[in-house]
Amino acid sequence: MCILEDVHKLFEMLPDDLKREVVEYIEFLIENRGIRGRKPTLSWKGALKDIKEKYTSVELQHKALEWWG
């Protein structure tokens, strides 16, 4: 028997109010451990190196606002 089957069997034995608590606890664990979503890869790192001499960081912020309109 796999762990999912064990958990399902035990979960089904609980009254509805405790089932809700179990779901909330699982959601808490996911949020607390950062499981939801992927870890950032930073694949964009260095993507603007060719314009670093042309603009300051503040100027880039202003440009980004222009580009996003």
Nearest 0.5 Å, please: how far is [atom2] in [Y] from [atom1] in [X]?
{"X": "E31", "Y": "I26", "atom1": "CD", "atom2": "CD1", "value": "13.0 Å"}
{"X": "H8", "Y": "I3", "atom1": "NE2", "atom2": "CD1", "value": "14.5 Å"}
{"X": "L60", "Y": "K54", "atom1": "CG", "atom2": "NZ", "value": "10.5 Å"}

Main-chain N/O of C2 paired with E5 side-chain donor or acceptor, under 3.5 Å: yes
Salt bridge (charged side-chain N to carboxylate O under 4.0 Å, His left out) against E12, all qualifying residues, sequence neighbours excluded: K19
Sequence neighbours left out, what passes side chain to side chain contact (heavy atoms under 4.5 Å, CB included) with T56? Give chain and number order. V58, E59
